Undergrad: 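Shown below is the structure under consideration.
Letters A, B, ... mirror the listed sequences (proteins, then strands); counts begin at 1. These figures come from a predicted structure and were not determined experimentally.
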Amino acid sequence: MQEFDFQSVEEEARKKWNELHVYKVDIDTSKPKYYVLDMFPYPSGAGLHVGHPLGYIASDIFSRYKRLKGYNVLHPMGFDAFGLPAEQYALQTGQHPAKTTKDNIETYKRQLGKIGFSYDWSREVVTAEPNYYRWTQWIFSQLFKSWYNNTAEKAQAITELIKIFEQSGNLEVNAACDEHTPQFTAEEWKAFSEKEQQDILMHYRLAYQSYSLVNWCPGLGTVLANDEIVNGVSERGGFPVERKKMSQWFLRITAYAERLLTGLDTLDWSVSMKDMQRNWIGKSIGAKVSFPVKNHDEEIEVFTTRVDTIYGVSFMTLAPEHELVEKITTAEYKDAVQQYQKACAAKSDIERQQEKKVSGQFTGAYAIHPLSKVEIPIYISDYVLLGYGTGAVMAVPSGDERDYRFAKHFDLPIIQILDIQDNLENEANPAKEGKYVNSDIINGMSYSEAVPTVIAALEKMDKGTGTINYRLRDAGFSRQRYWGEPFPVYYDKDGIIRLLDDEQLPLTLPEVEKYQPTADGHSPLAHATDWVNELGDGKTRETDTMPAFAGSSWYFLRYMDPHNEQAFVGQDAQAYWQNVDLYIGGTEHAVGHLLYSRFWHKFFKDNAWVSTEEPFKKLVNQGMIQGRSLMTKADSINGVPEGVRVPIMLCSPGDKLYEDKLAQLIQSDNRFANVDLEKDVNWENTEGKRYITLHAEVEKMSKSKFNVVNPDDMIGEYGADTFRMFEMFLGPIEAHKPWDINGIEGVSKFVRKVWRLYNIDENGQANFNEEASKEELKVLHKAIKKAEEDIERFSFNTVVSGLMIAVNEWTKMKKLGRATLETLPILMSPFAPFVSEVLWSKMGKEGSVINAAFPSYDEQYLKEDTVNYPVSFNGKVRFQLEVDASFDKKQVEEFVLVQERTQHYIQNQNPKKIIVVLGKIVNIVM
RNA sequence: GCGGAAGUGGCGGAAUUGGUAGACGCGCACGACUCAAACUCGUGUACUACGGUGUGAGGGUUCGAUUCCCUCCUUCCGCACCA
């Protein structure tokens, strides 16, 4: 008998797929479509480890399954190729990022190719290629040319807005815009200079420029992202970071906040994923209230979600940077206030957030409570953030923990406002239950009555309005980097920003000599002075580039129509493929990529470039495969708390690491530069040589932890089919689980057992019966049923178990029938495409198994003549009883009662109750 | 602190609407094959004082709970002076 040889099997299958071009898909209106998408990988230099393909395997299984089920399946792959690591590498080595990125993509494709994915590579998309980013630039232009009409609830052309301005100014316009947008009439608009008009339009555009603070790190000469800063210094190098005001591009995602929120209800995503987005959008319904300042014309505006607590306000707190502070501070307090402001400014945001001590400073000024007219003192304190709400708080010590601590510290009044606040001596009570007290017009009311009452009162005297606030901020869209999409704009000689014409796209990245930013923090593109000035006439190009999320916010649409030169996606292609039916990826993109993509998609919908409101219907988050790091005992090397990690391929847990080997390892890892082998190591010594014992620890798989397992190695040893099935067999797709090589033998055995079922002789011929037996068909139809049901609910690990059970039973039957052996490859092909393809051929079938039809199970084979009932007494199972399957409840009951064993448990008592669940269980209650 | 997910043998995990807890695989033990080993095949494998007891702990609903409800503990993830 011929034994299974995965190498020749993989070769044979691959050859067939290449010849038949099986993965090429096109629009086919005779079939329903199904779009399965993997999250876009960033091609890092390290290549794939075994954790990466987990989601890809799952999506590939589902794609193949859907295809067998008669769907026209779009299953593409491409690369999110712009980004920091390539640029860092360029900084270090001088190699062009385009070159390293290309090399890395080659590595990825080679690795992915080994696993046997059903990608249609003719649709490959690479964000860093000009023929792709041309459209990213085009989309940016469209955002720039649009504003959001809150009344129409959609984006519209900026030219429409200009028409409105010319007719009636902006007083009647209900648009998403900056809070500080000036108001003007049509006449005033017409009188503005062009520069002034353009500046005003910036307040409305969906892609706009504005000044904002960035994290400028002089030590590195660059701008850092928030997560590149640890404890106020740069993660790399530990240099101080300062806040620097720079002109930046933004996308007005806040215009879509409400639609992004309500759209979540229509999506088949996990609860936690939706919650993360809801949390990020952070809608709060509240009120804006104005507090007049005594002896001033100014009013302090606050935003509150608890306008019902307004009668509990006993002081106000402003952010130290609040613009009113200077104006209202009395001469007496000027010095103290300035000192406090200085102290706050010296602290980084992170320090301010970590500060637990109560601090603040009285300004000497008083506000007048809009309802009670009581005078209340105005303080400044660093617990109030300028960036949130209005940068001012109406302090209600009885209901808010921070206000309470502040009040206690400065000995300010704590006013009870709800009858249930009975422990104000010790703590604030933020509850909304109970009835209001000390609250004038809302005394005796409940929360839901009080809120509208207060808002109405405030609105009547023009001191407040009900408002909705979002935590969501507009998305910063500028990066002072080289390796990203250039902005398709230039500044004319008056400094007015102009778009390039669409025909001038793509605006390609110029070559630069160095990838460092300029000394004043401008992007490396500023070094390319020829490029910056090439338009002449005093026109200069924008030197910032777009962030990595630009290209990934729309790539799923490009796959539908990757070579279209006329549009980023053609109407026909989009009308057919609609949107992504199944999206598989990690949770790390919960609020970044997934939110931006939804935002762009809605913008496309507003312009009727796409027909769907949401891009991703169903989202499945694959878990992380963790590594097992081999460690020396944690306490065995002092001063290095995590011990020494040992490359995973070298040894296994329990192994002894001898002195010479350890010395070698320590030398190769500079974190252990100061370890003294004599003083710091607790040696064991039982055999004349010193050693330490290794143990395993589960942690993230990472090159720096020496615990990376390469899929190439696994495939080389066990074959791609076994590798695919094993990754699925590890556990539920969403769960995090440690990579444990132990189980792979079981899957490998399974594949070989499958091969043996075909009794393949020396000539490569399968041997089988023409007629399949009833028993084997029963096993088959059970397996079909389980496979189908489990794949539908993404329970891939149990599909593998189910197939194992079937194969174990068939193995006992020696020689199987044609029907069984022809169906098995179809069932298995989503999981193990290579061996399934070859076995399909061995059965003399034409074409590829990929194009077969998924079998349907036949109930008649699943029917049993008898049912095994567990018979329990008072819920405790005592014995099994075989009962005729056609019996009804009464018959089962009677049959059970006359059994000798039943009588033995009943003794001579009368059962109180007998419960028969047909096909399941019999329970006798005594 | 708030929100979410999870907790089952030595290990990964199964049990789909409440109905035989531990499927399947690993590991381990024994046996067959072999000069021997590997491979392969077979048998067994939650604990047990053999009465029973068992799904993180305690309580509840139910004829019956891993599954539903309440309280608590632990782990992981996300958010957080958010007014």
Side-chain angles (χ1 to χ4, degrees), chain A residues 3 270-280 282 284 286 289 302-307 309 316-317 319 352-356 358 381-385 387-396 399-403 405-406 430 469-471 587-588 590-591 621 623-624 725-726 729-732 734-750 752-753 756 786 789-790 792-793 795 797-808 811-812 868-880 911-926:
Chain A
E3 272 300 313
S270 71
V271 173
S272 66
M273 214 61 177
K274 288 190 194 182
D275 277 353
M276 274 190 240
Q277 291 219 339
R278 284 198 190 100
N279 201 308
W280 193 257
S284 50
V289 185
V302 301
F303 172 77
T304 176
T305 54
R306 288 297 302 274
V307 73
T309 65
M316 301 201 71
T317 321
R352 263 174 77 168
Q353 277 170 29
Q354 284 168 344
E355 185 65 73
K356 289 278 174 276
V358 176
S381 173
D382 63 1
Y383 82 83
V384 180
L385 304 177
Y388 187 81
T390 60
V393 175
M394 59 170 224
V396 183
D400 184 278
E401 159 82 37
R402 289 155 302 154
D403 296 346
R405 285 205 311 259
F406 198 87
N469 201 38
Y470 298 94
R471 201 188 75 109
T587 53
E588 67 271 21
V591 292
N621 297 115
M624 205 168 38
M725 282 198 130
F726 177 58
F729 192 60
L730 234 33
E734 310 91 347
H736 299 291
K737 54 236 156 188
W739 177 258
D740 188 350
I741 192 68
N742 284 333
I744 202 167
E745 288 293 346
V747 178
S748 175
K749 265 186 221 171
F750 163 78
R752 279 176 279 164
K753 276 186 194 173
R756 256 180 250 133
K786 180 155 180 65
E789 288 175 356
D790 287 1
E792 290 283 356
R793 65 189 176 101
S795 175
N797 54 331
T798 55
V799 179
V800 180
S801 312
L803 290 171
M804 282 174 170
I805 293 168
V807 168
N808 285 345
T811 298
K812 289 177 200 152
N868 230 5
Y869 279 92
V871 181
S872 56
F873 295 80
N874 291 331
K876 286 190 166 75
V877 177
R878 294 301 178 178
F879 60 86
Q880 306 283 321
K912 282 193 193 121
K913 202 172 175 185
I914 299 171
I915 289 137
V916 177
V917 182
L918 276 182
K920 297 274 189 188
I921 199 170
V922 177
N923 190 17
I924 297 169
V925 187
M926 303 300 297

Undergrad: Mind checking whether A:L803 and A:M725 have side chains closer than 4.5 Å, heavy atoms only?
TA: yes
Undergrad: Hey, does A:Q880 reach any base, or is it just sugar-phosphate, or nothing, if we go heavy atoms under 4.0 Å?
TA: base
Undergrad: To the side chain of A:S801, which of B:A23, B:A83, B:C26 is closest?
TA: B:A23
Undergrad: Considering only the C1' atoms, how many Å lie between B:C24 and B:U45, rounded to the nearest integer?
TA: 15 Å
Undergrad: Hey, which sits more toward the 5' end of RNA chain B by its nearest nucleotide, A:R752 or A:N874?
TA: A:R752
Undergrad: Out of B:U40, B:C63, B:C82, which nucleotide sits closest to the side chain of A:K913?
TA: B:C63
Undergrad: Taking Watson-Crick and G-U wobble pairs with both distances under 3.5 Å, convert RNA chain B into its dot-bracket string, 5' to 3', dots for unpaired and | for cross-strand pairs.
TA: (((((((..(((......[....)))((((((.......))))))((....))..(((((..]....))))))))))))....
Undergrad: Please list, chain by chain and in numerical order, all residues satisfying salt bridge (Lys or Arg N to Asp or Glu O under 4.0 Å) with A:E789, sequence neighbours excluded.
TA: A:K785
Undergrad: Let me see the working for A:D403 and A:M394 under side-chain contact (heavy atoms from CB on, under 4.5 Å), right down to the final yes or no.
TA: CA-CA 9 Å; A:D403 296 346; A:M394 59 170 224; over 6 Å; no
Undergrad: Between B:G9 and B:G3, how far is it from one P atom to the other, in whole Å?
TA: 29 Å
Undergrad: CE of A:M624 versus P of B:A6: gap in Å, rounded?
TA: 17 Å
Undergrad: For B:G18, measure the glycosidic angle (O4'-C1'-N9-C4 for a purine, O4'-C1'-N1-C2 for a pyrimidine) and name it syn if it falls within 90° of 0, otherwise anti.
TA: anti
Undergrad: Hey, does A:K812 reach any base, or is it just sugar-phosphate, or nothing, if we go heavy atoms under 4.0 Å?
TA: nothing
Undergrad: Could you give the distance separating B:G60 and B:A46 at their C1' atoms, to the nearest angstrom?
TA: 27 Å
Undergrad: If anything within 90° of 0 is syn and all else is anti, what is B:G64?
TA: anti
Undergrad: Give every pair of a protein N or O atom and an N or O atom of nucleotides 2-4 of chain B that lie under 3.5 Å apart, one pair per line with the distance.
TA:
none

Undergrad: Applying side-chain contact (heavy atoms from CB on, under 4.5 Å), name anything that partners A:K749, two or more places apart in sequence or on another chain.
TA: A:R752
Undergrad: Figure out the CE/P separation between A:M725 and B:C26, and round it to whole Å.
TA: 14 Å
Undergrad: How would you list, by chain and number, every residue that makes a side-chain hydrogen bond (donor to acceptor under 3.5 Å, both in side chains) with A:E745, sequence neighbours excluded?
TA: A:Y718
Undergrad: If the condition is side-chain contact (heavy atoms from CB on, under 4.5 Å), which residues does A:V807 pass it with, not counting sequence neighbours?
TA: A:F750, A:K753, A:V754, A:L757, A:W810, A:T811
Undergrad: For the pair made of CE in A:M276 and C1' in B:C79, what is the distance, rounded to whole Å?
TA: 10 Å
Undergrad: Examine B:G52: is either OP1 or OP2 under 4.0 Å from a nitrogen or oxygen in the side chain of A:R878? Give yes or no.
TA: yes
Undergrad: Residues in side-chain contact (heavy atoms from CB on, under 4.5 Å) with A:I921, at least two apart?
TA: A:P870, A:S872, A:V917
Undergrad: Could you check whether any side-chain heavy atom of A:K737 comes within less than 4.5 Å of a side-chain heavy atom of A:M624, counting everything from C-beta outward?
TA: no
Undergrad: At under 4.0 Å, does any side-chain N or O of A:R756 touch on OP1 or OP2 of B:U40?
TA: no
Undergrad: When the P atoms of B:A21 and B:U53 are compared, how many Å lie between them, rounded to an integer?
TA: 12 Å
Undergrad: Between B:G4 and B:C72, how far apart are the two P atoms, rounded to whole Å?
TA: 15 Å
Undergrad: Are the side chains of A:V871 and A:V877 in touch, meaning some heavy atoms are under 4.5 Å apart?
TA: no
Undergrad: Check whether A:Y869 reaches the backbone of A:G919 with its side chain - one donor and one acceptor, N or O, closer than 3.5 Å.
TA: yes
Undergrad: Using atom CZ of A:F726 as one end and atom P of B:C26 as the other, report the distance to the nearest whole Å.
TA: 11 Å
Undergrad: Would you classify A:N808 as touching base, sugar-phosphate or nothing, given that sugar-phosphate means primed atoms plus P, OP1 and OP2, and contacts are heavy atoms under 4.0 Å?
TA: sugar-phosphate
Undergrad: Return the value, rounded to whole Å, for the distance between atom CZ of A:F750 and atom P of B:C24.
TA: 14 Å
Undergrad: Take atom P in B:C69 and the same atom in B:U61, then report the distance between them in whole Å.
TA: 16 Å
Undergrad: Name all residues meeting the side-chain hydrogen bond (donor to acceptor under 3.5 Å, both in side chains) criterion together with A:E792; count only those two or more places apart in sequence or in a different chain, and write none if there are none.
TA: A:Y65
Undergrad: Please report the distance, rounded to the nearest Å, between CD in A:E588 and C1' in B:C77.
TA: 12 Å
Undergrad: List for me each residue that meets ring pair (Phe, Tyr, Trp, His ring centres under 6.0 Å) alongside A:F729, sequence neighbours excluded, and say none if there are none.
TA: none
Undergrad: Rounded to the nearest angstrom, tell me the gap between atom CD1 in A:I914 and atom C1' in B:G64.
TA: 15 Å
Undergrad: Contact class for A:R278 (heavy atom, under 4.0 Å): base, sugar-phosphate, or nothing?
TA: nothing
Undergrad: Would you say a side-chain N or O of A:R405 is under 4.0 Å from OP1 or OP2 of B:C81?
TA: no
Undergrad: Both A:V800 and A:V591 contact RNA chain B. Which one's nearest nucleotide lies toward the 5' end?
TA: A:V800
Undergrad: For residues 271-280 of chain A, which residue pairs qualify under salt bridge (Lys or Arg N to Asp or Glu O under 4.0 Å), counting only residues two or more places apart or in two chains?
TA: A:D265-A:R278, A:D275-A:R278
Undergrad: Does A:T798 have any side-chain contact (heavy atoms from CB on, under 4.5 Å) partners at least two apart in sequence or in another chain, and if so, which?
TA: A:K786, A:D790, A:R793, A:S795
Undergrad: Scan nucleotides 12-19 of chain B nucleotide by nucleotide, 5' to 3', and note B when protein non-hydrogen atoms come under 4.0 Å of the base, S if they reach only the sugar-phosphate, - if neither.
TA: BSSSB--B
Undergrad: Could you tell me whether A:K912 contacts a base, only the sugar-phosphate backbone, or nothing, with contacts defined as non-hydrogen atoms closer than 4.0 Å?
TA: nothing
Undergrad: Nearest whole angstrom, please: distance from the P of B:U40 to the NZ of A:K753.
TA: 9 Å
